[in-house]
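A quick write-up on the structure given underneath.
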Amino acid sequence: MPQDVLQDILVRRGFLCPSYEVYGGVSGFYDYAPLGGMLKRNIENLWRRFFVVEEGFFEVDTPTIAPEQVFVASGHVENFADPVVSCRKCGTTYRADHFLQEKLGAENLSPEPEVLQRLIEERGVRCNCGGELGEVRRSSLMFSTTIGAGGRRGYLRPETAQGMFVMFPRLYSFYRKKLPFGVVQIGRAYRNEISPRQGLLRLREFTQAEAEIFVDPEEKRVHPGFGRYAGERLRLVPRSGEVLELSAKEAVERGILPHEFLAYYMAHTRRFLMEVGIPGERIRFRQHLKDEMAHYAEDCWDAEVLTKRYGWVEVVGIADRTDYDLRAHESLSGVEMRAFRQFREAVTKRVMRLVPNMQVLGPEFRGLAPRIAEAVEKLPEEAAEEFERTGRVEVDVEGEKVVLGERHLRVERVELRQTGEKFTPHVIEPSFGIDRILYAVLECALAEREGKRVLRLRPQVAPVKAAVFPLVSREELEEVALEVFREIKSQGMPAVYDASDSIGRRYARVDEIGVPFAVTVDFESLENGTVTLRHRDTAEQVRVGAKEVPGLIRRLCEGMSWDELREKLAAAP
RNA sequence: GCGGGUGUGGUCUAGCGGUAGGACCCGAGCCCCCCAAGCUCGUGACCCGGGUUCGAAUCCCGGCACCCGCACCA
């Protein structure tokens with residue numbers, strides 16, 4: 001029962017516990033206990049290295065509460081709430097519109113509860129068990145709240161993304177109006193799940209790390225840095241259901257993946273997951289089925305990790321959100337959310353246009369004249385050609401047709417120079433579920449040695465980097481050990497010191513919480529200033545200078561392997 | 001949200017109408033030992049709220065949490 005062993009360590013050793021335990025707990029909420037909190041932070045910091053440092057996507061931090069309009073625009077108010085109806089007799093709950101479609105053979109039913117309610121009553125629809133159906137209600141997955149005393153409605157964000165979309169105009173100018181650019185956010189999101197289960201995998205409040213990458217849709221087939229990952233092998237499960245193992249390049253060439261941007265971030269994601277400690281062979285990418293896709297997505301691939309306890313678990317969603325969100329916010333807010341694409345060469349066009357003669361229009365049409373002029377300017381070029389032929393043109397002003405003749409207008413031929421055009425950028429979004437990744441990391445790290453548990457967390461993510469022990473509790477040994485302990489901490493690494501119990505028990509204790517290295521001060525240390533450095537995963541020890549040991553541990557935590565350290569020591573004794 | 005099961009120290013558990021016992025963990029001390037195993041002492045629990053009863057961890061009802069199934073899952 002390895003999963004129960006994991007559960008046991010997580011709770012007992014201070015990684016995780018149910019929130020509000022003293023009040024009986026609330027399902028869907030977990031506290032990160034001391035070690036869990038540090039592990040989570042380390043995973044997030046590694047993510048920052050991949051997305052903020054390497055990719056140059058700077059980090060923002062936006063509120064978790066947003067006014068209603070944001071989610072009206074994003075479609076969450078409409079799509080993120082399902083009409084549901086329960087049977088009064090057997091208790092089965094149905095998605096009301098789906099159920100009626102099936103029962104009545106109707107199509108495209110409105111999701112409005114009132115409409116569905118009337119249908120049920122009029123047509124006498126009953127539950128499959130024969131029982132009477134209750135009231136149709138809306139089951140929203142968003143937590144609602146009110147903002148201020150006036151009670152303006154707001155919601156807790158169901159994803160961190162919207163906060164970034166709505167700041168697009170600022171971002172666009174921050175990145176000096178050049179695409180592609182990206183921005184990231186690590187933060188909490190909230191979904192009022194009907195019935196959260198499976199511990200960390202379905203939380204009501206969870207942490208997302210999202211990157212929003214804004215690209216010119218005409219340039220998304222080619223990612224400027226694709227070479228780096230072209231040969232990266234990916235295990236893919238496209239909609240067709242077959243399992244393929246292809247390089248990123250092949251996958252794009254064969255049309256399995258739509259473009260290099262998606263392929264690049266899938267490969268990047270895979271590298272990140274491996275860096276935090278998930279073996280490559282446990283990672284695959286599965287394409288969302290059409291009906292599984294979010295309302296905003298055109299294509300979406302999930303990175304999934306094979307867990308012992310839950311099978312394949314989605315930990316990252318990489319979606320092509322197209323221009324859905326920017327368009328939506330532009331249309332509801334009235335603020336332009338576009339970018340400018342410069343043509344390679346400016347285009348000059350000779351065009352004809354109609355110029356209103358206000359000296360005539362004014363006196364003749366009075367108040368209506370300005371609006372007539374406006375309408376004339378909006379006429380297509382063909383209207384000018386026609387005017388030239390016929391000497392008359394008709395415009396629509398507030399539903400009224402106005403006929404204009406030669407005295408009202410004249411034709412002007414001009415050269416228009418167009419240096420580019422506006423467009424709405426597309427968004428590629430890798431969205432990471434940090435809590436699920438943390439679970440996967442812990443599960444993958446759990447191993448057993450001689451009946452004892454060892455958490456083989458990679459040194460980069462391990463909450464505590466080193467343990468320092470005096471072999472036995474003698475003042476001379478403790479003095480040296482405490483000095484090493486202080487020096488390790490002063491180099492910025494969390495460490496623990498322990499002088500109680502047998503040495504074996506102390507090693508076992510720190511193995512169980514994943515401390516990668518242990519330093520032991522023994523009697524030889526007093527003679528020649530050396531200490532032993534122990535490797536958690538092999539229990540091997542090497543003897544190194546007490547002065548060198550903090551620096552060595554730091555390098556080991558920055559990526560040097562244990563084997564490299566041994567070679568180094570063998571080369572320069 | 002529905003049905004079934006479960007709920008005793010940090011963990012695993014005994015007790016199943018008479019007021020909680022063990023093991024491990026943890027803490028203090030002894031021992032001085034390089035991989036949890038010695039000795040002594042110690043802290044610490046009946047998920048919450050009602051009811052039945054002289055008396056409830058134990059029986060009943062409700063709630064909460066966890067597990068399994070159903071439903072839900074942008």
Side-chain angles (χ1 to χ4, degrees), chain A residues 1 3-5 7-14 17-29 33 71 74-96 98-99 127-129 131 134 137 139-142 158-159 161-162 189 191-199 201-204 288 291-297 300 309 314 317 319 321 324 431 449-454 469-474 477 499-512 518-524 531-532 534-536 538-541 543:
Chain A
M1 303 177 279
Q3 56 270 42
D4 298 328
V5 168
Q7 194 70 27
D8 179 58
I9 296 177
L10 296 189
V11 174
R12 192 164 44 79
R13 292 300 193 193
C17 57
S19 297
Y20 313 115
E21 253 182 320
V22 297
Y23 289 108
V26 182
S27 94
F29 297 91
F71 300 115
S74 70
H76 285 93
V77 167
E78 195 190 331
N79 295 302
F80 206 47
D82 299 333
V84 295
V85 65
S86 300
C87 171
R88 289 194 206 277
K89 193 173 144 210
C90 72
T92 313
T93 299
Y94 302 97
R95 167 90 183 254
H98 289 184
F99 185 67
C127 174
N128 287 329
C129 78
R137 54 186 203 283
S139 170
S140 175
L141 288 175
M142 283 196 290
E159 55 174 3
Q162 297 305 327
R191 297 177 186 186
N192 203 356
E193 301 284 352
I194 302 171
S195 144
R197 295 265 173 90
Q198 314 174 307
L201 301 192
R202 286 273 294 287
L203 296 173
R204 288 187 165 127
H288 273 203
D291 62 356
E292 184 181 14
M293 216 130 52
H295 57 272
Y296 48 71
C300 184
R309 181 157 190 184
E314 64 173 275
R321 296 181 74 136
Y324 179 93
S431 171
R449 181 173 60 223
E450 294 161 18
K452 291 171 280 186
R453 294 97 181 238
V454 183
F469 307 137
L471 181 62
V472 296
S473 47
R474 288 258 293 267
L477 298 184
S500 68
D501 288 311
S502 76
I503 188 70
R505 186 191 292 277
R506 282 178 276 166
Y507 287 140
R509 256 200 299 255
V510 295
D511 282 347
E512 201 181 46
V519 176
T520 303
V521 174
D522 56 17
F523 294 102
E524 199 180 326
V531 295
T532 63
R534 172 184 180 272
H535 182 225
R536 174 198 64 205
T538 56
E540 270 176 10
Q541 286 180 312
R543 192 159 267 282

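To find a chain, count down the sequence lines: A is the first, B the second, and so on, and within it residues start at 1. Heavy atoms only: backbone and side chains are in, while hydrogens, waters and symmetry mates are out.
Although no hydrogens or angles enter the test, the distance criterion places a donor-acceptor pair under 3.5 Å between the side chain of A:Arg191 and the main chain of A:Pro158. Although no hydrogens or angles enter the test, the distance criterion places a donor-acceptor pair under 3.5 Å between the side chain of A:Arg506 and the main chain of A:Pro470.
As rounded to the nearest Å, B:rC46 and B:rU8 have P atoms that lie 11 Å from one another. Between B:rA37 and B:rG18, the two P atoms lie 40 Å apart (nearest whole Å). For the P atoms, the distance linking B:rU43 with B:rG27 amounts to 16 Å, nearest Å. Straight-line distance between the P atoms of B:rC47 and B:rA56: roughly 15 Å, to the nearest whole Å. The gap from the P atom of B:rG4 to that of B:rC61 amounts to 12 Å, rounded to the nearest Å. Annotation: B:rC12 and B:rC25 have their C1' atoms spaced 11 Å apart (nearest Å). When the P atom is compared between B:rC39 and B:rA23, the two are found 12 Å apart, to the nearest whole Å. Taking atom P in both B:rA45 and B:rG10, the straight-line distance is 7 Å, to the nearest Å.
Looking at heavy atoms from C-beta onward, A:Met142 lies in side-chain contact with A:Val77 at the 4.5 angstrom threshold. When side chains are defined from C-beta on, A:Arg536 counts as touching A:Val454, because their heavy atoms get closer than 4.5 Å. Side-chain contact between A:Glu524 and A:Leu471 is absent, with no heavy atoms from C-beta onward closer than 4.5 Å.
Between A:Gly504 and A:Gly28, the residue whose closest nucleotide on RNA chain B is further toward the 5' end is A:Gly504. Between A:Glu540 and A:Val472, the one whose closest nucleotide on RNA chain B sits nearer the 5' end is A:Val472.
Here A:Asp511 lies out of heavy-atom contact (under 4.0 Å) with every strand. Residue A:Leu471 is in base contact, counting any heavy-atom pair closer than 4.0 Å across all strands shown. Nucleic acid contact class of A:Pro158 (heavy atoms, under 4.0 Å, all strands): base. Residue contacts shown for A:Ser500 are absent, as no nucleic acid heavy atom lies under 4.0 Å away.
If you take CZ of A:Arg204 and C1' of B:rG1, they are 11 Å apart, rounded to a whole angstrom. Distance CZ (A:Arg13) to P (B:rU11): 13 Å, rounded to an integer number of Å. Distance A:Leu10 CG to B:rG10 P: 17 Å, rounded to the nearest Å. When the P atom of B:rC72 is taken as reference, atom CG of A:Leu141 falls 13 Å away, rounded to whole Å. Nucleotide B:rC32 holds its C1' atom 10 Å from the CZ atom of A:Arg506, rounded to whole Å. Rounded to a whole Å, the CZ atom of A:Phe523 is 9 Å from the C1' atom of B:rC33. Atom C1' of nucleotide B:rC33 and atom CZ of A:Arg505 are separated by 13 Å, given to the nearest angstrom. Spacing between atom CD1 of A:Ile503 and atom P of B:rC33 amounts to 12 Å, rounded to whole angstrom units.
Side-chain N/O atoms of A:Ser502 include one lying less than 4.0 angstrom from OP1 or OP2 on B:rA37. Regarding contacts with the backbone of B:rC35, every side-chain N or O of A:Arg509 stays at 4.0 angstrom or more from both OP1 and OP2.
The pairing partner recorded for B:rG69 is B:rC2, the criterion being a Watson-Crick or G-U wobble arrangement whose two distances lie under 3.5 angstrom. In this structure, B:rG62 and B:rC48 make a Watson-Crick or G-U wobble pair, each of the two defining distances being under 3.5 angstrom. Base pairing of B:rU19 is not made with any nucleotide, judged by Watson-Crick or G-U wobble geometry with both donor-acceptor distances under 3.5 Å.
At most 12 heavy atoms of other shown residues, nucleotides or ligands fall within 6.0 angstrom of atom OH in A:Tyr20.
Side-chain N/O atoms of A:Arg534 and base N/O atoms of B:rC35 include a donor-acceptor pair closer than 3.5 Å. Contact of A:Gln541 with B:rC34 (side chain to base): a donor-acceptor pair of N or O atoms is detected under 3.5 Å.
Closest to the A:Arg543 side chain, of the nucleotides B:rC34, B:rC67, B:rC32, is B:rC34. Closest to the side chain of A:Arg202, out of B:rC73, B:rG10, B:rA36, is B:rC73. Side-chain proximity of A:Arg474 to B:rC32, B:rA36, B:rC67: nearest is B:rC32.
Among A:Arg505, A:Arg449, A:Arg453, the single residue meeting the salt bridge (Lys or Arg N to Asp or Glu O under 4.0 Å) criterion with A:Glu512 is A:Arg453.
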